[in-house]
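Inspection log for the structure reproduced underneath, given as structure tokens.
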Amino acid sequence: MEFSDERAVEIDPGLKRMILIEIIFPVALLTLGIYHGLMQVLYRSGMIHRSQFLGLEYYQGLTLHGVVNALVFTTFFAVAFGYAVVRFYLGRPLNMTVAWLSFALMVGGTLMAAAVILTGKATVLYTFYPPLRAHPAFYIGLTLVVIGSWIAFFNWIPPYLAWKRENPGRKVPLAVVGIFVTFIVWLIATIPLAIETIFLLIPWSIGWVPTVNVPLARMLFWFFGHPLVYFWLLPTYVMYYTMLPKLAGGKLYSDFAGRLTFLWLLLFSVPVGIHHQFTEPGISSTWKFVQAFFTMLVAIPSFATAFTMAASMEHGARARGGSGLFGWWRKLPYLDRDRWLFSYFFAGLFIFIFGGVTGIVNASYNMNNVVHNTSWLPAHFHQTVAGPVFLSYIGMSLFLITKLTGKEIKGKGWNVWVPYIWTLGIMIFSTGLFIGGVGGEPRRTNMGLSYTNPQSPLYHVDWTAAKTLGSLGGTIMTIAALIYFIVFFATLFGKPVKQGALELIVSEPYHDEQIPAVQSFTPWLAGALLLIVIAYAPPLIQTLRSHFPGAPPYSPDSPVPLNLGPPS
Ligand code: HAS
């Protein structure tokens with residue numbers, strides 16, 4: 001029997017429909033995004049040519065891969081999951097007119113951006129920093145997605161305030177705290193992004209101004225870009241803290257650890273973006289160092305999470321009969337078909353050990369010089385966003401589909417293996433890219449030139465690990481994704497076995513601490529704003545005062561002759 005918490009909530013059919021479409025639409029797009037992931041590794045290894053990209057150019061495929069997987073899928077999922085959490089825990093109906101408005105903006109924006117990527121007018125990668133220039137529809141489309149997500153968040157505030165009024169002195173449910181922190185971080189982060197697109201990129205893209213201030217645009221982008229990664233991670237942490245302990249058979253070791261983790265991420269997610277710009281001119285080393293220091297502080301809640309999750313799983317495993325110093329690990333439900341969501345969470349935690357450690361390497365100011373812009377970077381971010389984040393998102397998407405439609409999972413035996421096959425793939429893929437990265441292999445290739453083809457002027461013998469391991473790992477990841485898609489769509493098109501309802505797994509706390517410091521957003525939000533001013537005002541002023549020449553647009557897929565020199 002499918003593991004169930006039996007706390008199903010009957011919800012408005014409109015909301016149910018909207019959450020379902022908000023999950024199905026990006027999962028359908030994900031098939032394209034994943035396909036182009038496979039194309040990347042095969043192309044880098046010289047096994048295929050650009051003509052095999054389904055008619056897309058290399059950078060065009062890479063843009064589609066990054067935008068769909070990292071921006072569209074994640075934002076839609078965060079909104080859908082946010083609706084589920086807010087409705088489930090706060091128990092109040094939501095304003096459906098506002099909800100559909102948010103939905104329409106997000107879908108309309110996505111289609112606009114997708115159209116120009118597919119027609120080759122927005123080959124700018126997911127970071128879209130100039131001088132790569134896209135068609136205005138790309139920036140406008142992404143802006144609509146962001147505005148749509150803001151509107152969804154604003155829609156959750158009235159039920160939250162009503163719940164607070166009716167429950168004075170009660171702790172806000174932990175999952176709601178996590179989701180609100182996710183969207184507060186998102187709101188803060190997307191304001192500079194809006195400034196970048198509205199004042200710099202759109203006028204330049206329309207042709208109103210001939211050039212753009214690249215260092216300023218990049219600083220505004222990374223002000224957004226780093227909190228973006230915690231916007232991805234926070235819903236995953238909501239699932240880990242509130243669901244994983246129960247799935248493991250036990251309780252959440254500490255409710256306080258969860259609240260502190262969320263609020264600490266609110267404090268430190270933003271004033272760290274310059275760690276993506278350690279090698280860039282125009283920012284003094286003082287401010288680079290300050291943000292490197294803050295980056296170390298933003299890792300602390302993840303260490304707390306590692307400890308809390310291990311302790312919670314130990315509690316569950318011992319409750320299931322586990323014993324001994326390490327023997328209890330054997331009692332976790334790794335392959336339990338009914339508690340299958342555990343496998344998605346556990347595999348993600350495992351991958352994140354390596355993603356986290358390599359993040360600390362990136363953040364170490366001097367070591368960053370070795371790895372920056374090398375293939376080490378895609379290895380790091382696949383072990384974070386394509387590890388814990390991706391696995392928890394696809395797992396929860398499947399979970400919500402089954403609960404909301406009342407359908408049984410098809411292919412339970414295959415489903416439980418998906419995260420482990422994905423983990424095998426990602427570990428092999430990343431090992432290749434890490435080795436290539438420390439050997440200096442650039443993170444991207446250009447103009448159809450392979451690093452691993454001896455005929456190519458970019459050939460480098462140290463980078464063959466990335467070819468073999470990268471393409472092998474990437475293929476294994478694609479196989480895992482393929483199984484997932486089959487399970488997902490077979491389940492979706494199956495017959496319902498019961499009335500669908502909104503159901504989430506709820507873990508009880510083992511230590512239910514009452515600590516006033518983590519009961520309110522206000523001081524943490526004030527602290528976050530203060531740290532942003534301290535960390536960003538001086539470098540921003542430096543950038544504004546420096547007179548950088550404006551840059552004309554550049555397209556990576558147009559054949560500009562490069563002086564590559566003789567092969568080494
Ligand atoms: Fe990062 C670049 C630093 C976390 C994503 N990062 C990126 C990029 C992306 C990304 C997408 O300082 C590339 C952007 C681009 O396109 O250029 N990152 C960090 C640090 C952390 C970190 C310090 N990153 C993430 C997360 C991401 C993400 C999370 C997505 C979700 N990152 C950087 C830096 C760069 C960077 C530099 C720029 C580099 C450059 O030069 O361009 C930390 O938050 C990591 C803390 C995490 C831990 C791990 C805790 C472990 C846990 C698992 C426990 C396991 C258990 C199971 C209990 C300390 C929670 C046990 C089971 C057993 C079997 C033993």
Side-chain angles (χ1 to χ4, degrees), residues 62 65-67 69-71 74 78 125-129 182 218 221-222 224-237 240-241 244-245 248 253 257 261 264-265 268-269 272-280 288 291-314 317 326 329-330 332 334 342 345-393 420 423 427 437 443-444:
L62 186 53
H65 174 64
V67 170
N69 295 7
L71 300 180
T74 51
L125 309 178
Y126 89 102
T127 41
F128 54 90
Y129 33 63
T182 308
R218 286 171 74 100
F221 180 84
W222 285 117
F224 155 79
H226 199 80
L228 170 70
V229 314
Y230 295 111
F231 169 73
W232 295 334
L233 186 67
L234 274 155
T236 301
Y237 276 6
Y240 285 175
Y241 276 95
L244 183 125
Y253 183 70
T261 292
W264 192 276
L265 283 172
F268 282 107
S269 282
V272 295
I274 287 179
H275 70 219
H276 294 264
Q277 299 186 281
F278 284 156
T279 56
E280 289 185 22
K288 289 178 179 171
Q291 296 217 11
F293 176 67
F294 286 163
T295 306
M296 295 302 168
L297 296 182
V298 84
I300 290 176
S302 292
F303 283 115
T305 302
F307 173 79
T308 314
M309 288 308 114
S312 306
M313 286 191 290
E314 179 176 354
F326 297 111
W329 284 100
R330 287 201 299 271
L332 288 171
Y334 302 107
F342 179 84
F345 293 164
F346 182 80
L349 274 172
F350 173 78
I351 300 171
F352 197 35
I353 297 174
F354 305 91
V357 169
T358 51
I360 309 282
V361 171
N362 301 344
S364 309
Y365 196 5
N366 48 355
M367 281 203 273
N368 183 272
N369 280 322
V370 179
V371 298
H372 181 67
N373 255 344
T374 69
S375 62
W376 173 281
L377 256 290
H380 159 70
F381 69 67
H382 280 84
Q383 289 186 337
T384 49
V385 66
V389 171
F390 179 73
L391 285 175
S392 62
Y393 282 26
Y420 300 120
T423 304
M427 294 307 290
R443 66 184 275 183
R444 303 181 184 103

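We count ligands from 1, going down the list as the structure has it; atoms in each ligand are counted the same way. What you see is a predicted model, and the numbers here were worked out from it, not measured in a lab. For reference, positions follow the sequence shown, starting with 1. Values below: all heavy atoms of this structure, side chains included; hydrogens, waters and symmetry mates excluded.
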(message) Looking at Ala317, is its backbone amide N or carbonyl O close enough to the side chain of Trp329 to form a donor-acceptor pair, meaning the two atoms are under 3.5 Å apart?
(response) no
(request) Have a look at ligand 1 and work out which part of Asn368, if any, has a heavy atom under 4.0 Å from it: side chain, backbone, both or neither. (result) side chain
(request) Return yes or no for this condition: an N or O of Trp329 is under 3.5 Å from an N or O of ligand 1. (result) no
(request) Would you please indicate if the ring centroids of Tyr334 and Tyr420 are separated by under 6.0 Å? (result) no
(request) Identify the protein heavy atom lying closest to atom 65 (C) of ligand 1, giving its residue, its atom name and the separation to 0.1 Å. (result) Ile353 CD1, 4.0 Å
(message) Below a 4.0 angstrom heavy-atom separation, can you tell me which part of Asn362, side chain or backbone, both or neither, approaches ligand 1?
(response) both
(message) If the contact criterion is a heavy-atom separation under 4.0 Å, does Arg443 count as touching ligand 1?
(response) yes
(request) Distance to 0.1 Å, residue and atom name: give those for the protein heavy atom nearest to atom 3 (C) of ligand 1. (result) Gly359 O, 3.3 Å
(message) Is the ring pair Phe278/Tyr365 parallel, tilted or perpendicular, if the boundaries are 30 and 60 degrees?
(response) tilted
(message) Is the contact between Val357 and ligand 1 made by the side chain, the backbone, both, or neither, using heavy atoms and a 4.0 Å cut-off?
(response) neither
(message) Looking at ligand 1, is there an atom of it that comes within less than 4.0 Å of some heavy atom belonging to Phe346?
(response) yes
(request) Taking both backbone and side-chain atoms into account, decide whether His380 has an N/O/S atom under 2.8 Å from atom 1 (Fe) of ligand 1. (result) yes
(request) Answer with yes or no whether Tyr129 contacts ligand 1, where contact means a heavy atom under 4.0 Å from a ligand atom. (result) no
(message) At less than 4.0 angstrom from any non-hydrogen atom of Phe381, what atoms of ligand 1 do you find?
(response) 5 (C), 8 (C), 9 (C), 10 (C), 11 (C), 13 (C)
(request) Indicate, as side chain, backbone, both or neither, the part of Tyr126 found under 4.0 angstrom from ligand 1 when only non-hydrogen atoms are considered. (result) side chain
(request) Provide, to 0.1 Å, the distance between atom 54 (C) of ligand 1 and the closest protein heavy atom, together with that atom's residue and name. (result) Ala306 CB, 3.6 Å
(request) Name the closest protein heavy atom to atom 21 (C) of ligand 1, giving the residue it belongs to and the distance to 0.1 Å. (result) Tyr230 OH, 3.6 Å
(request) Using a strict cut-off of 4.0 Å, indicate which atoms of ligand 1 neighbour a heavy atom of Val389. (result) 31 (C)
(request) Can you sort out which atoms of ligand 1 are near Leu233, meaning under 4.0 Å from one of its heavy atoms? (result) 29 (C)
(message) Which label fits Phe345 and Tyr240: parallel for a plane angle under 30°, tilted from 30 to 60°, or perpendicular past 60°?
(response) perpendicular
(message) Among Glu280, His276, Gln277, which residue satisfies the side-chain hydrogen bond (donor to acceptor under 3.5 Å, both in side chains) criterion with Arg218?
(response) Glu280
(request) Determine whether the side chain, the backbone, both or neither of Phe352 has a heavy atom under 4.0 Å from any heavy atom of ligand 1. (result) both
(request) Would you mind telling me if ligand 1 is within reach of the side chain of Gln277, the backbone, both or neither, using heavy atoms under 4.0 Å? (result) neither
(request) Starting from atom 12 (O) of ligand 1, locate the nearest protein heavy atom and write down its residue, its atom name and how far away it is, to 0.1 Å. (result) Ala363 CA, 2.9 Å
(request) Could you list the atoms of ligand 1 found under 4.0 angstrom from a heavy atom of Trp222? (result) 14 (C), 15 (C), 17 (O)
(message) Students should be able to answer this: which protein heavy-atom is nearest to atom 38 (C) of ligand 1, and at what distance?
(response) His276 ND1, 3.5 Å
(request) Specify the closest pair of heavy atoms between Gly437 and Ser375, including all atoms of both residues, with the distance to one decimal. (result) N-OG, 3.0 Å
(message) Taking Asn368's backbone N and O only, do any of them form a donor-acceptor pair with His372's side chain (distance below 3.5 Å, no angle check)?
(response) no
(message) Can you report which non-hydrogen protein atom sits closest to atom 46 (C) of ligand 1, along with the distance?
(response) Ser302 CB, 3.6 Å
(message) Quiz question: by atom type and distance under 3.5 Å, do the side chains of Tyr237 and Ser302 form a donor-acceptor pair?
(response) yes
(request) Pull out every atom of ligand 1 sitting under 4.0 Å from any heavy atom of His372, numbered as shown with elements. (result) 40 (C), 41 (O), 42 (O)
(request) Compute the minimum heavy-atom distance from Tyr240 to ligand 1 and say whether it is under 4.0 Å. (result) no
(request) Determine whether the side chain, the backbone, both or neither of Phe268 has a heavy atom under 4.0 Å from any heavy atom of ligand 1. (result) neither
